[in-house]
Structure formats: C-alpha cells, structure tokens
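Report on the following structure.
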Amino acid sequence: MLRTHTCGELNKSLVNQSVTRCGWIDTIRDLGQGKFIVLRDRYGTTQIVTNPKSSQEVLETADLLKSEYVVQATGTVSERPSGQENSEMSTGEIELVVTDLQILNKSKLPPFLPNQRELPNEDLRLKHRYLDLRRPQMQKTMFSRSLITKSIRDYFERNDFIDIETPILGRSTPEGARDYLVPSRIQNGSFYALPQSPQIYKQIMMIAGYDRYVQIARCFRDEDLRADRQPEFTQLDMEMSFVDADDVIGMIDGLMKHLAKNILGIELTLPLPRMTYDEAMTRFGHDAPDLRFGMEIVDCTDLAAKSDFRVFKSVADAGNFVRAINAKGGAAKYSRKGIDQLTKFVQEDFGAKGLAWFRVEEDGTLFSPIAKNFAPELLEEFKQRMEGETGDLFLFVADTWEVSCKSLYGLRKRLGAELELYDPDDMNFSWIVEFPMFAHDEEEDRWDAMHHPFTAPRDEDLEFLASDPGRARAKAYDLVINGYEAGGGTIRIHDSETQSHVFSLLGLDEATARERFGFLLDALQYGAPPHGGIALGIDRIVMLFNKLDNIRDCITFPKTQKATDLMTDAPNAVDDVQLGELGIEIAKKEVARS
RNA sequence: GGCGCUGUAGCUCAAUUGGUUAGAGUACCGGACUGUCGAUCCGGUGGUUGCGAGUUCGAGUCUCGUCAGCGUCGCCA
C-alpha cells in the first residue's frame with residue numbers, strides 16, 4: 001500500500017503520528033514562507049502544510065505541484081493552532097506537517113476542476129467524465145447508488161430470493177419497444193436482441209421451480225431519451241411463485257421501508273397507500289400522479305352543458321369532457337401573457353384546442369373573457385364546484401377524455417412546480433393498481449396489451465375478456481414515487497386457456513403466437529405455478545432518493561439525447577472487414593464517425 | 001419526426017435600437033506575503049463569438065442552413 005490512511009479519516013486521535021496519504025491536489029494556498037495544500041481522495045480532504053523548517057527536497061517538490069497532480073505525502077499529524085480549525089472539513093481539526101512529498105503523477109491543466117463552483121456545461125462534463133466523477137457531488141451519488149443496490153441485495157437475500165443471471169443475447173420479439181440488435185457472425189443474416197427486460201426468462205425460472213428470483217439487470221430499449229430515460233438502464237427485477245398481487249406489493253413495501261430507512265433515514269408507514277388506475281385518471285389525469293400536492297382535476301361537464309359558451313356546450317353535448325384544475329392563488333402569478341403561454345403549452349404538447357380560464361376577483365366574482373356566456377348563478381355553481389377563493393385561477397380543458405387527462409396532468413405538474421405547491425424534500429410512495437388489461441388502438445381498431453400479453457386479469461373480470469375487454473382489469477401494479485413511475489409489475493397468466501384467449505383478443509393468431517413465444521407457451525404446459533413479479537428502475541430510484549432531476553447524474557457513463565457517449569464517441573462506424581464477417585452492408589451512410 | 005431553449009476567453013457568463021479596440025468573475029502564468037481554508041494584494045497571457053451562407057456601409061446581435069447539448073410531444077408492451 002502506498003498509503004497508511006485516507007484523506008477522510010485523520011483526526012485528533014492520530015496527533016503526533018507519522019502517516020502517509022495519497023490523493024489529488026485540490027487547492028494550493030501559497031503564503032510565501034509556507035504552503036497550505038489540500039489533498040483530496042474519495043473519502044474526503046485533508047490539509048498538508050509546508051513551512052520554513054521543511055526539508056529542501058519537500059519545498060522543491062511543493063513548488064512543482066499543480067491542480068490535480070497525484071501525490072503521496074508523509075508527515076506528522078498535528079493539531080491546528082487555536083483559532084485555525086476548519087469546521088467545514090471533517091479533518092478540520094488537524095493538518096499534516098509534511099516530511100516527505102512524492103509526485104506520483106502529473107496532470108495536464110484540466111478543462112474544469114472538480115472543486116469549481118460553477119458547474120460546466122453537461123457536454124463538457126460528459127466528455128471528461130473522469131474529471132466530473134471526481135466531483136464530491138457525483139461521488140456522493142455513486143456511493144448512494146452502491147448503498148441502494150447493496151441494501152436491495154441484503155433485503156432479498158433475507159427473504160430467501162435467489163440471485164440469478166439471465167442472457168444478454170436473446171431473441172428479438174417485435175412487441176413493445178424497439179430492440180437493440182446484435183448481428184450474428186456465425187449465422188449471417190440472423191440477429192440477437194439485447195433484453196428490454198428479463199421478463200420471459202424470469203417466468204421460465206418460476207416454471208423451473210426457483211420460486212423467488214431476483215436480479216439487478218441491465219436492460220436496453222432503442223427509444224428516444226428523456227431526462228428520466230436512458231437507452232441502457234438498470235432494473236431490480238424479481239419474480240415470485242405461489243403469490244397474488246398483494247404478496248408482491250407487500251414484498252416491495254418492505255423493500256421501500258428498508259431503503260427509506262437505510263438511505264434517507266426516514267420511517268415509512270406500511271402498507272403504502274394504493275389507488276386504482278381509474279381513480280388516478282379521474283383525479284389526476286395520469287397513472288403516475290405526484291401525490292405531494294392536491295390541485296385535483298374537477299369535472300364540470302354537467303355545468304358546462306348548461307352554459308351558452310359554444311365550446312363548452314358542444315363538447316359536453318358530444319359526450320366529451322369539460323374538466324378543470326384550480327391553481328390556488330395562481331391569479332397573481334399568471335397574467336394574460338402567462339395564461340397565453342399555458343394555452344400554447346397544452347395546445348402544442350397535448351393537442352388541446354384551447355384553455356379557458358376564470359379568475360376569482362377581490363369581490364368573489366369570477367372574471368373571464370368568456371364570462372358573459374354564463375349566467376351569474378351558473379358562475380356561482382362553477383365557483384362552488386371548484387372551491388374557488390379570491391386570487392384563484394381556474395383552468396378548463398374541454399376535449400376528449402384522453403386530451404383532457406393529458407393536458408390537465410401537464411398543467412398540474414407544471415403549476416405544481418411553478419407555484420411551489422410541495423416541498424421538494426418530501427418523498428411520496430404509493431401504488432397504482434388495477435390497470436386495464438387492454439388499451440384500444442383507435443387507428444387500427446384493435447386491442448393492445450396495456451402491460452404485456454402475459455398479464456393476468458383479475459379473477460372477477462375474467463368474464464369481461466369475452467363480453468367487454470375494455471372493462472377487464474389486470475392484476476397489475478405500479479410503484480409511483482413523487483410522480484415518477486418507479487416500477488411496475490403484474491401477476492402472470494399461468495394457464496394456457498386464458499393465455500390463448502388473451503392472444504386472440506390481441507389479434508395474435510396461434511401460429512404467430514407460437515412463432516414468437518412458442519418456448520414460453522410450451523413451458524406453461526409443464527406445470528407452471530401461479531406467479532408474478534415486478535421490475536423497479538434503479539436509476540430512477542437513485543435519482544429520487546438523491547433529490548436529483550435527471551437520470552444522467554445517477555449513471556457513471558450516460559448517453560446524450562442522441563444516444564452518444566461523448567467520452568468514447570460510441571456508437572461508431574466499423575470497418576468493412578468487420579461488416580463483411582457479419583454479412584452486413586451499409587445501404588445508406590448517413591454519418592461517418594471515426 | 002414535431003415544438004422550444006442554449007452555443008461568446010480553459011470554465012461560468014456580460015455586451016443597450018445592428019455601430020469604436022468583444023468585457024467581467026474564475027482558472028492559468030509571473031511577482032509579493034508566516035496561518036491560509038472561495039486566502040489577499042500587484043501585474044500578465046488568453047477570442048475565427050459552434051460551423052457555413054446571406055442581408056447590410058457595418059453582424060456576437062437580423063435571416064436561412066447545418067452541427068452539438070438540453071427540455072418536451074410522439075415513442076417508451
């Protein structure tokens with residue numbers, strides 16, 4: 001070992017001992033007769049000092065030091081003179097009076113310094129990720145991530161789960177997200193797919209009798225990126241046999257309590273609250289609502305039908321919806337111009353035709369450019385329904401159920417942040433349950449699986465599979481934290497009769513189903529136990545537990561929005577020899593990257 | 001694929017209606033200083049304003065294109 005101690009562990013108990021530490025030069029303060037040099041490693045920082053009594057060799061070496069040099073410093077731990085302690089530093093009571101100083105490696109002047117106050121632009125951080133990862137904030141997140149995965153593994157081990165690895169090279173199935181494909185050299189023209197999730201393998205493991213499976217699994221989806229979405233991400237994937245939805249939910253409840261305590265030091269009360277999908281859509285317009293604040297959606301369709309306002313009336317008469325949110329105290333914050341921006345927002349992002357608004361005035365009356373279309377008594381009814389008070393701003397979307405949900409959800413999320421309706425440090429855990437089995441695809445007039453085609457219907461909804469598929473609810477559950485979908489799971493179908501029924505509803509004929517999922521259908525016929533599970537997004541959990549607002553800060557080497565790794569420049573072009581072995585020719589060279 | 005924001009010194013940002021030699025802080029380099037800890041003080045280096053066209057007497061500023069980063073909609077069973 002080149003060191004006896006790290007930079008975070010020196011304290012008064014070591015005074016007068018000779019110790020050796022290694023680290024990076026964080027700062028140098030040169031006072032002429034002596035230098036104060038702060039050395040940094042992942043455990044912390046300590047100050048080392050030179051003075052006129054230092055050896056000539058030490059002084060000469062100290063003169064050569066620059067930012068981010070890697071050094072080895074041996075010296076005597078000394079108490080700092082009275083009044084010179086630094087309470088900001090964990091090692092601030094002591095310093096190291098250096099007796100030997102070695103430069104282990106030099107550093108070019110970095111484009112940015114790990115201790116600089118203003119964060120550089122993200123592209124620069126990603127290009128020089130090794131410098132960015134030296135920043136204490138990034139290190140803190142990575143340690144937190146490590147602690148989270150360790151806690152997860154401990155929890156599942158205590159609960160008799162088996163940690164099992166599943167293949168990365170798998171079979172492509174055209175369901176769901178786009179696959180990342182890997183060409184086969186041995187079988188030219190054939191491709192593996194990287195897993196979007198280990199879904200099918202873990203079901204097979206249940207059939208194989210490994211009744212409690214867990215894996216921290218890397219998953220891949222070739223879709224566009226977002227602040228909370230990367231093409232390559234990590235899931236906590238688990239599956240259990242002989243369980244129903246409550247058992248899986250209960251197991252994850254326990255995990256969340258364990259994590260909240262270990263990572264955040266807070267006690268969660270179990271069970272975590274649950275809300276049905278239908279209730280979430282009605283009250284919040286979304287299946288992953290942020291429950292840290294209110295501002296729920298209020299349905300005013302019946303009132304709208306009584307107005308002379310053509311837009312409201314026609315929408316109501318057509319069987320669509322006039323729904324609203326009340327931005328409490330929002331009238332002051334949103335001027336006409338501000339409301340115009342909100343209108344543009346719902347139009348451009350959610351396809352709403354417009355945004356009607358009312359302001360509650362000082363005298364309690366409602367003001368709006370469209371108010372003249374409403375009888376005074378009707379306005380009063382609106383105010384009552386919206387629980388309006390002076391200074392409130394009502395925002396109405398009159399549209400289809402889907403558009404009103406999306407628009408009001410978007411507005412609620414935006415206004416919640418802009419009006420600071422919640423404490424950013426709050427953590428809200430809840431379940432959304434009883435998702436629909438199917439979503440109707442209007443364009444192609446067919447049913448799509450809301451989750452995946454192996455999801456089991458609720459026992460009491462079995463009959464709807466035949467009579468009214470849109471009414472059938474699934475044994476499905478999503479964990480929502482602060483308005484983010486932290487994960488989702490289902491109880492799976494384990495009998496082939498129900499499975500065939502679902503396939504036929506999805507328009508999958510037997511031959512197609514066999515071609516895509518034959519191995520699973522076969523396996524289901526050899527004694528498949530009732531089973532179900534869940535997958536949680538580890539990156540998102542790290543993000544939420546660390547109060548971060550983007551997932552890239554939780555991943556050591558993330559991709560940009562164009563799915564590039566700025567440090568390695570992946571993806572890159574490969575030479576024709578490599579392509580030739582794979583039997584591949586590029587039809588259209590759009591980008592030639594080196 | 002759509003919409004929007006951003007791109008100026010190593011870094012973070014300024015630059016009035018289009019108008020003189022594009023500034024500041026920080027970093028860096030040199031000097032001073034025995035207790036600093038965002039050290040301080042003095043001096044200095046540093047720019048093809050992402051790239052390419054166009055409009056104009058004149059473009060960091062306006063227009064078009066393009067590249068990159070970010071946000072978002074579509075998409076993500």
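Letters go in sequence order (proteins before strands), and every chain restarts at 1.
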Pairing partner of B/rG65 (Watson-Crick or G-U wobble, both distances under 3.5 Å):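 The answer is B/rC51, by the H-bond criterion.
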### Task
Both distances under 3.5 Å, Watson-Crick or G-U wobble: report the partner of B/rA9, or none.
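Answer to the pairing question: none, since B/rA9 forms no Watson-Crick or G-U pair.
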| query | Is any side-chain heavy atom of A/Phe191 closer than 4.5 Å to a side-chain heavy atom of A/Val182? | reply |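 A side-chain contact under 4.5 Å is absent here.
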Classify the side chain of [X] and the base of [N] as holding, or not holding, a donor-acceptor pair under 3.5 Å.
| X | N | answer |
| --- | --- | --- |
| A/Asp224 | B/rG74 | yes |
| A/Arg221 | B/rC76 | no |
| A/Gln47 | B/rU36 | yes |
| A/Glu348 | B/rG2 | no |
| A/Asn86 | B/rC37 | yes |
| A/Glu95 | B/rG35 | yes |
| A/Arg125 | B/rG69 | no |
| A/Arg117 | B/rC11 | no |

Task: Position toward the 5' end of RNA chain B (nearest nucleotide), A/Arg80 or A/Pro111 - done: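 On the 5' side of the pair lies A/Pro111.
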First of A/Asn550 and A/Met450 reached from the 5' end of RNA chain B, by closest nucleotide =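 This one resolves to A/Asn550.
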### Aromatic A/Phe345 / basic A/Arg414 pairing, under 6.0 angstrom, 45° off normal
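The answer is yes, since A/Arg414 meets both limits relative to A/Phe345.
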Report yes or no: is the cationic atom of A/Arg323 (NZ for Lys, CZ for Arg) under 6.0 Å from the centre of the six-membered ring of A/Trp401, at an angle within 45° of the ring normal?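 Geometry flag: set, cation within 6.0 Å and 45°.
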**Prompt:** Hey, what's the ring geometry for A/Tyr409 with A/His286, parallel, tilted or perpendicular (30° and 60° as the breaks)?
**Reply:**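 Plane angle under 30°, so parallel.
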Whether A/Phe36 stacks on the six-membered ring of B/rU36 base, 5.5 Å and 30° limits: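 Yes, A/Phe36 stacks on the base of B/rU36.
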Using the [atom1] atom as the point on both nucleotides, what is the distance between [M] and [N], in whole Å?
| N | M | atom1 | result |
| --- | --- | --- | --- |
| B/rG4 | B/rU66 | P | 14 Å |
| B/rA27 | B/rC37 | P | 13 Å |
| B/rC29 | B/rG69 | C1' | 32 Å |

How many Å lie between CG on A/Asn51 and C1' on B/rU34, as a whole number?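 Distance check: A/Asn51 CG to B/rU34 C1' gives 9 Å.
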Between B/rU72 (P) and A/Tyr409 (OH): distance, integer Å
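So the two atoms are 10 Å apart, to the nearest Å.
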#### Entry: Any donor-acceptor N or O pair under 3.5 Å, side chains A/Thr490, A/Arg492
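Side-chain D/A pair, A/Thr490 to A/Arg492: present.
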